[in-house]
Trainee: 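One structure, as structure tokens, below. Some questions next.
The sequence lines fix the lettering, A, B, ..., with proteins before strands; numbering per chain opens at 1. Only this structure's heavy atoms are used, side chains among them; waters, hydrogens and symmetry mates stay out.
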There are 2 protein chains.
Amino acid sequence: MARARVTLADIAARVGVSPKTVSNVVNDSGWVGAEVREKVLVAIEELGYRPNLAARQLRRGSSGVLALALPTLAEPYFAELASVFVDVAHDRNLTVLVSQTGGDRAREVEALDGVRLPAIDGLIMSPLGLEAVDVQERRRDISLVLVGEHGERVAGDGEHHVGIDNVAAAAAATAELIAQGCRRIATIGVQDEGPTETSRDRFDGYALALRQAGLPLDEALTGHVHEFNRAEGAVAVQRLVESGAEFDGLLCFNDSLALGALYALGVRGLSVPEQVRVMGFDDIADGRYSMPPFSTVAPGREALANRVLDIIAAPDATAPGHHEVPFSLVLR
Amino acid sequence: MARARVTLADIAARVGVSPKTVSNVVNDSGWVGAEVREKVLVAIEELGYRPNLAARQLRRGSSGVLALALPTLAEPYFAELASVFVDVAHDRNLTVLVSQTGGDRAREVEALDGVRLPAIDGLIMSPLGLEAVDVQERRRDISLVLVGEHGERVAGDGEHHVGIDNVAAAAAATAELIAQGCRRIATIGVQDEGPTETSRDRFDGYALALRQAGLPLDEALTGHVHEFNRAEGAVAVQRLVESGAEFDGLLCFNDSLALGALYALGVRGLSVPEQVRVMGFDDIADGRYSMPPFSTVAPGREALANRVLDIIAAPDATAPGHHEVPFSLVLR
DNA sequence: ACTGCTACATTCAACGTTGAATTAAGCCGA
DNA sequence: TCGGCTTAATTCAACGTTGAATGTAGCAGT
């Protein structure tokens, strides 16, 4: 399996030129005669030469490779985000490699330090455990862009962050439920511990929309969770229903929660959307074929990826801090 | 942002020792006195030294980094597989970086060649467009392990492949439906074009189980699809129902198809599991909170990842060819 | 014949790290 | 006192690539 590597020098020896000339052919740099170029290309083909990227990067100082560090790929939102990032980057002739941190502070710091990552040009991270001080105290030689709401807090004014306006998005989603006739709108996804930025922003938007519509904010309609996944969504709805709370609308802080909620509503025999209208967040693929269907907030994933890559391409052309990308409502 | 890199030489100069001694401290190699070690560690902390991985790999010839190339992260099966791989590898002190090829032959070949990948020690790939000749004709200096059914064909006897016995798994799943009382079992997921290995194996298992139970194989109960996703699953069921086919069991060739099928069954007013029992494949997280619930075949993901990493760790200790890992049925 | 130019190709050194070989110093026992 | 052993640190070269500097023709122009 592990045959010896073919190097520039091997090609050079075979053709009878210097390694540098071969390098020039490979990189289309310098002056190379047509005849020599041809012979070199033939030799490369015959011997199966592949540039050693470690050596190239060591010399050049850059690799054209970016890393995307996410809490988990098991959550569809992150998996789909990763998918979009890779594709958008591919169109730009960049490679994005995806890494999974588990949302663990230590592993996120490791990613920042480039521990166990190959030499990369830039790091895109959606942190969960990271603290602002972790970013501030270490000098980096690569560019960093943070995404996600926790990332926004960590970034502060000193680092790049890209994301949607969560408060506005949650307010728009809530307003839509109200427009559809809901008057008692429950919410699922309030978090009381850990990185709660997302939760808080979305709750703020929810509260804002209620206030603007002159509806009361009822603590009994607030479903608390530990994490944003189906299991927690199901349990939260179960608790709400058992507590005797009555509601005709349900704002879930992401689609996984919404899918879990639909499950629990189904078990309880509550029909969607007749008895309860459900709204989610993230527009993940699972939600598109959910039965019954529910509406959701679509963050502009392509827009996000493009914005991030713009910043990575020219980190100093953009002032650090928060950069906003648009969202939209998907009604089903 | 891009501050100058701190090198071993910088640390060495500050402490007043040779770079090699600093290297020894960093790698716990060679003999270093307690006092010098301490001073070096302090300097490393103060200056924020981080080893240059490109240089290290160039010198060492290996990086401890593996790449996992998948068709897409947008499909939950692959995303969850990636998640498991990263975690299992992390436990073994290895890094797995995930790449997305789109199932495109050219991009899969690029991955094989290491184009636009940082220097890595091993490649794990679930191919879709790749051909056996692509693998055979290029000499590689890294170890390769293929996964997935198309990968099994590409691997042949000359390359490593790890996977479950799809025929047996599909047969077991079908036998379970029969044991639950189903007599007319439809199937969804037969493919007529592209990389159809998965589809064929599962259909063979389905046919085998029917034969063993003395049940007829009815072509009218066969749902054809182009891809394994929710949309196709929904459409396939719709077609089956509209064709007038009657069935009390439904074997879907993966969970995404099953979720789409459930959607279509729901729209048609067919109740699950009363009127139709549904069985899927892959045991993805979405399926676990599906309403109504359905059973599925769980491939041993951890077992798969561990087997693959065993092989990568010692590629020559294992004969190339197919290596099997167990599956199990998850009944809901 | 001399200068200056163009087109090609080469040499040299360096990117940062680390195995292998070497040196240096301290200590022990004969 | 000498050789031999242990501990500690060093020097050297090389991993494969590529910028910068340099060399060498051949040819045009004066």
Trainee: Can you give each donor-acceptor pair under 3.5 Å made by side-chain atoms of residues 68-77 of chain A, sequence neighbours left out, with the distance rounded to 0.1 Å?
Mentor:
{"unit_1": "A:Thr72", "atom_1": "OG1", "unit_2": "A:Ala74", "atom_2": "N", "d": "2.9"}
{"unit_1": "A:Thr72", "atom_1": "OG1", "unit_2": "A:Gln100", "atom_2": "OE1", "d": "3.4"}
{"unit_1": "A:Glu75", "atom_1": "OE1", "unit_2": "A:Ser256", "atom_2": "OG", "d": "3.0"}

Trainee: Identify, with sequence neighbours excluded, every residue that meets ring pair (Phe, Tyr, Trp, His ring centres under 6.0 Å) alongside B:His323.
Mentor: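 In terms of ring pair (Phe, Tyr, Trp, His ring centres under 6.0 Å), with neighbours along the sequence ignored, B:His323 is linked to B:His160.
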Trainee: Strictly under 3.5 Å: I want the nitrogen or oxygen pairs between protein and nucleotides 8-11 of chain C, one per line.
Mentor:
{"unit_1": "C:dA9", "atom_1": "OP2", "unit_2": "A:Gly33", "atom_2": "N", "d": "2.5"}
{"unit_1": "C:dT10", "atom_1": "OP1", "unit_2": "A:Ser18", "atom_2": "N", "d": "3.3"}
{"unit_1": "C:dT10", "atom_1": "OP2", "unit_2": "A:Ser18", "atom_2": "N", "d": "3.0"}
{"unit_1": "C:dT10", "atom_1": "OP2", "unit_2": "A:Ser18", "atom_2": "OG", "d": "2.9"}
{"unit_1": "C:dT10", "atom_1": "OP2", "unit_2": "A:Thr21", "atom_2": "OG1", "d": "2.3"}

Trainee: Who are the ring pair (Phe, Tyr, Trp, His ring centres under 6.0 Å) partners of A:His90, not counting sequence neighbours?
Mentor: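 A:His90 satisfies ring pair (Phe, Tyr, Trp, His ring centres under 6.0 Å) with no residue once adjacent residues are dropped.
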Trainee: Salt bridge (charged side-chain N to carboxylate O under 4.0 Å, His left out) between B:Arg153 and B:Glu131: does it pass, once the steps are laid out?
Mentor: CA-CA 9 Å; B:Arg153 208 196 67 204; B:Glu131 295 297 329; 3.3 Å; yes
Trainee: Applying side chain to side chain donor-acceptor pair (under 3.5 Å), name anything that partners A:Arg92, two or more places apart in sequence or on another chain.
Mentor: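 In terms of side chain to side chain donor-acceptor pair (under 3.5 Å), with neighbours along the sequence ignored, A:Arg92 is linked to A:Asn306, A:Asp310.
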Trainee: I'd like to check the side-chain contact (heavy atoms from CB on, under 4.5 Å) partners of B:Leu117; sequence neighbours left out, ordered by chain and number.
Mentor: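 With neighbours one apart ignored, the set is A:Leu97, B:Ala67, B:Ile120.
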Trainee: Residues two or more places apart in sequence or in another chain: which of them pass salt bridge (Lys or Arg N to Asp or Glu O under 4.0 Å) with A:Glu149?
Mentor: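 None.
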Trainee: Please name all residues satisfying side-chain contact (heavy atoms from CB on, under 4.5 Å) with A:Ser62, sequence neighbours left out, ordered by chain then number.
Mentor: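 A:Ser62 satisfies side-chain contact (heavy atoms from CB on, under 4.5 Å) with A:Asp121 only.
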Trainee: Please enumerate all residues that pass side-chain contact (heavy atoms from CB on, under 4.5 Å) together with B:Arg59, with sequence neighbours excluded.
Mentor: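 B:Arg59 satisfies side-chain contact (heavy atoms from CB on, under 4.5 Å) with no residue once adjacent residues are dropped.
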Trainee: On DNA chain D, reading 5' to 3', which nucleotide is the first and which the last to sit with an atom under 4.0 Å from a heavy atom of chain B, could you check?
Mentor: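 Span of nucleotides near chain B: D:dA8 to D:dG16.
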Trainee: With sequence neighbours left out, what residues match B:Asp104 under side chain to side chain donor-acceptor pair (under 3.5 Å)?
Mentor: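 Side chain to side chain donor-acceptor pair (under 3.5 Å) list for B:Asp104, sorted by chain: empty.
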Trainee: In residues 58-65 of chain A, which ones come under 4.0 Å of DNA chain C, going by heavy atoms?
Mentor: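 Here the set is A:Leu58, A:Arg59.
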